[in-house]
*Asks:* 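Pasting a structure here, questions to come.
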Amino acid sequence: MYTAHPDRYANLPYRRTGRSGLKLPAISLGLWHNFGPDRPVETQRAILRRAFDLGVTHFDLANNYGPPPGAAESALGEFLKADFAPYRDELVISTKAGYHMWSGPYGEWGSRKYLLSSLDQSLARMGLDYVDIFYSHRPDPETPLEETMGALHSAVQQGKALYAGISNYSPEQTREAARILSELGTPLLIHQPRYSMLDRGPEESGLLDTLDELQVGSIVFSPLEQGVLSARYLDGIPEDSRAASDSPFLNSDRLTEELVGQLRALDEIAKGRGQTLAQLALAWVLRGGRVTSALVGASSAQQIEDSVAATRNLDFDADELARIDAIIKQ
């Protein structure tokens with residue numbers, strides 16, 4: 001029988017999410033690609049247990065996470081029942097719907113039909129009565145935003161979700177989504193964008209400014225750029241790495257000599273701070289408190305430990321930030 005570590009809340013800072021009462025750990029665990037039948041069950045269990053023992057209270061999913069789609073939610077459901085049932089009220093569990101999940105015209109995008117059906121399926125897979133956050137995973141260009149936000153509002157009103165979130169929305173779409181939800185009486189809690197030292201989109205588009213203005217929280221995905229911002233590729237492409245596989249999210253063509261040179265220069269800055277490159281990358285997105293939480297994946301318990309350790313030094317001086325910018329923009 002699993003018993004959580006008694007000092008689990010001593011390792012991480014917790015940040016208020018926008019103007020809500022909900023606090024999230026600075027590091028959250030995403031169950032995207034490491035929680036399916038192709039991964040050892042004991043490894044999955046060890047990752048979740050170690051994460052919670054270190055104070056990572058937020059587990060983030062989507063309906064199509066696996067592979068295959070739905071597998072991550074099913075796996076979490078088994079671990080919730082076996083290990084975490086006594087701790088449900090200490091956990092923040094989120095899921096999303098928006099990308100392709102099942103065949104036919106009702107299996108993706110942002111219709112009320114799809115979102116609420118998907119949420120019911122997600123709850124069944126996880127064995128839960130509710131999720132803490134339910135997201136619209138992407139905007140739907142053909143469905144009125146009022147319908148999509150209305151579905152999130154209904155999920156909250158029905159008690160199937162405590163909070164509403166969005167992911168991959170532009171600043172303009174975010175502003176409109178927040179307005180619609182506010183008029184319905186369900187505040188927009190959080191936005192989940194892609195953001196890293198190599199992908200400055202939320203800064204350049206004004207999304208972070210918009211979230212600040214609206215007092216909406218943010219949890220960023222891919223802060224390590226699928227592992228690019230780690231020591232894994234400093235000396236080439238390991239045979240067992242994602243870049244060496246047929247992954248659509250990262251391939252060897254991306255790891256150019258120029259990029260590897262940038263990674264090595266960033267690694268030198270990390271060493272000067274007493275951090276690994278991955279820890280530097282996580283600290284960078286969390287700097288200054290604008291980002292509520294950084295979402296990381298993990299293929300081992302050790303990776304969770306390393307990610308949590310990044311929060312021991314989140315401060316950057318002006319020279320460090322200037323050097324990082326110079327390396328990235330060269």
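By convention here, the first residue in the shown sequence is residue 1. For the numbers below, each heavy atom of this structure counts, side chains included, while hydrogens, waters and symmetry mates do not. None of these values were measured; they are calculated from a predicted model.
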*Asks:* Linking I/L/V/M/F/W/Y whenever any side-chain heavy atoms sit under 4.5 Å apart, do Y2 and I47 land together?
*Replies:* yes

*Asks:* Is there a side-chain contact between W284 and L229 (heavy atoms, below 4.5 Å)?
*Replies:* no

*Asks:* Any chance OH of Y106 has more than 12 other-residue heavy atoms, nucleotides or ligands included, within less than 6.0 Å?
*Replies:* no

*Asks:* Please round to the nearest 0.5 Å and tell me the distance separating atom CD of Q262 and atom CD of E257.
*Replies:* 12.5 Å

*Asks:* Verify side-chain contact (heavy atoms from CB on, under 4.5 Å) between L189 and S20, making sure each step is shown before the conclusion.
*Replies:* CA-CA 7 Å; L189 174 80; S20 77; 3.3 Å; yes

*Asks:* Could you state the interatomic distance from OH (Y135) to OG1 (T95), rounded to the nearest 0.5 Å?
*Replies:* 10.0 Å

*Asks:* Okay, side chain of Q44, backbone of G36: is any donor-acceptor separation there less than 3.5 Å?
*Replies:* yes

*Asks:* Could you give all pairs that pass the ring pair (Phe, Tyr, Trp, His ring centres under 6.0 Å) test and reach residues 156-178, with sequence neighbours left out?
*Replies:* none

*Asks:* Kindly compute the distance separating OG1 (T148) from CD1 (I180), expressed to the nearest 0.5 Å.
*Replies:* 8.5 Å

*Asks:* Checking the side chain of R264 only, and the main-chain atoms of L234 only, is there a donor and an acceptor separated by less than 3.5 Å?
*Replies:* yes

*Asks:* Could you tell me whether the side chain of W32 reaches within less than 4.5 Å of the side chain of F221, counting heavy atoms only?
*Replies:* no

*Asks:* When you compare the side chains of E78 and S74, does any donor N or O come within less than 3.5 Å of an acceptor on the partner?
*Replies:* no

*Asks:* In terms of hydrophobic clustering (I, L, V, M, F, W, Y; side-chain heavy atoms under 4.5 Å; direct or indirect links), are V291 and I219 co-clustered?
*Replies:* no

*Asks:* Side-chain donor-acceptor pair under 3.5 Å between S293 and S28, yes or no?
*Replies:* yes

*Asks:* Any donor-acceptor pair under 3.5 Å linking the side chain of S182 with the backbone of A178?
*Replies:* no

*Asks:* Give a yes or no on whether the backbone of S218 and the side-chain of T292 come within a donor-acceptor separation of less than 3.5 Å.
*Replies:* yes

*Asks:* Within the 4.5 Å heavy-atom criterion, are L286 and R15 side-chain neighbours or not?
*Replies:* yes

*Asks:* Please step through side-chain contact (heavy atoms from CB on, under 4.5 Å) for the pair F134 and L152, ending with a clear verdict.
*Replies:* CA-CA 7 Å; F134 182 49; L152 296 184; 3.6 Å; yes

*Asks:* Side chains of V216 and T174, heavy atoms from C-beta outward: is any pair under 4.5 Å?
*Replies:* no

*Asks:* Ignoring hydrogens, what is the shortest heavy-atom contact between L188 and A164? Give both atom names and the distance.
*Replies:* CD1-O, 3.8 Å

*Asks:* If we ignore hydrogens and angles and just use 3.5 Å, is the side chain of Q279 paired with the main-chain N or O of T276 as donor and acceptor?
*Replies:* yes

*Asks:* Got a sec, which pairs hit salt bridge (Lys or Arg N to Asp or Glu O under 4.0 Å) with one end in residues 106-119, sequence neighbours left out?
*Replies:* E108-R138

*Asks:* Would you kindly say whether E203 and Y195 are connected by a side-chain donor-acceptor distance under 3.5 Å?
*Replies:* yes

*Asks:* Identify the two heavy atoms, one from L29 and one from L295, that lie closest to each other, and give their separation to 0.1 Å.
*Replies:* C-CD1, 3.7 Å

*Asks:* Against Q275, only a single residue in D306, L280, D267, I269 fulfils side chain to side chain contact (heavy atoms under 4.5 Å, CB included); can you say which?
*Replies:* L280

*Asks:* Quick test of your reading of the model: are D209 and R290 salt-bridged, counting only N-O distances below 4.0 Å?
*Replies:* yes

*Asks:* Can you name the closest pair of heavy atoms from T57 and Y9 and give their distance?
*Replies:* CG2-CE2, 3.6 Å

*Asks:* Decide whether Y14 and L54 are clustered together by the hydrophobic rule: side chain heavy atoms of Ile, Leu, Val, Met, Phe, Trp, Tyr closer than 4.5 Å, transitively.
*Replies:* yes

*Asks:* Check ring pair (Phe, Tyr, Trp, His ring centres under 6.0 Å) between H137 and all other residues, then give those that pass, not counting sequence neighbours.
*Replies:* Y99

*Asks:* Evaluate the side-chain proximity of Y87 to T3: yes if any heavy-atom separation is below 4.5 Å, no if none is.
*Replies:* yes

*Asks:* Please determine whether side-chain contact (heavy atoms from CB on, under 4.5 Å) holds for the pair W102 and S117, giving the CA-CA distance in whole Å, both sets of side-chain angles, and the decisive distance to 0.1 Å.
*Replies:* CA-CA 11 Å; W102 63 82; S117 297; 4.1 Å; yes

*Asks:* Is the shortest side-chain heavy-atom distance between P223 and M197 below 4.5 Å?
*Replies:* no

*Asks:* So do D132 and R88 actually touch side chain to side chain, heavy atoms under 4.5 Å?
*Replies:* yes

*Asks:* Does anything in residues 46-66 pair up under salt bridge (Lys or Arg N to Asp or Glu O under 4.0 Å), and if so which pairs, sequence neighbours excluded?
*Replies:* R49-D83, R50-E305, D60-K96

*Asks:* Taking all atoms of both residues into account, what is the closest heavy-atom pair of M126 and L80, and its distance?
*Replies:* O-CD1, 3.9 Å

*Asks:* What distance do L184 atom CG and R179 atom CZ have between them, rounded to the nearest 0.5 Å?
*Replies:* 9.5 Å

*Asks:* For residues 307-316, run the donor-acceptor check on the side chains, cut-off 3.5 Å, and write out each pair with its distance to 0.1 Å, sequence neighbours left out.
*Replies:*
unit_1	atom_1	unit_2	atom_2	d
S307	OG	Q303	O	3.1
T311	OG1	V308	O	2.7
N313	OD1	D315	N	3.4

*Asks:* Can R175 and E172 be said to form a salt bridge (charged side-chain N to carboxylate O under 4.0 Å, His left out), step by step?
*Replies:* CA-CA 5 Å; R175 192 178 300 278; E172 296 75 22; over 6 Å; no

*Asks:* If you apply the rule side-chain contact (heavy atoms from CB on, under 4.5 Å), what do you find for L321 with R287, and how did you get there?
*Replies:* CA-CA 10 Å; L321 292 174; R287 75 198 188 284; 3.9 Å; yes

*Asks:* Working to the nearest 0.5 Å, report the span between CG of L198 and CD of Q226.
*Replies:* 11.5 Å

*Asks:* Between atom CG of L76 and atom CG of L91, what is the distance when rounded to the nearest 0.5 Å?
*Replies:* 8.5 Å

*Asks:* Please report the shortest heavy-atom distance between P67 and H33, naming the atom on each side.
*Replies:* CD-ND1, 3.8 Å

*Asks:* Would one find more than 12 heavy atoms of other residues, nucleotides or ligands at under 6.0 Å from atom CG of D129?
*Replies:* no

*Asks:* Who passes side-chain hydrogen bond (donor to acceptor under 3.5 Å, both in side chains) against E320, sequence neighbours left out?
*Replies:* R273

*Asks:* Same cluster or not: are L119 and F59 linked, directly or through other Ile, Leu, Val, Met, Phe, Trp or Tyr residues, by side-chain heavy atoms under 4.5 angstrom apart?
*Replies:* yes

*Asks:* For residues G227 and R232, report the shortest heavy-atom separation together with the two atoms involved.
*Replies:* O-CB, 4.5 Å

*Asks:* What I'd like to find out is whether the side chain of I166 reaches to under 4.5 Å of the side chain of Q173, using heavy atoms alone.
*Replies:* no

*Asks:* Side-chain heavy atoms nearer than 4.5 Å, only ILVMFWY residues, links allowed to pass through others: does that put V92 and V220 together?
*Replies:* no

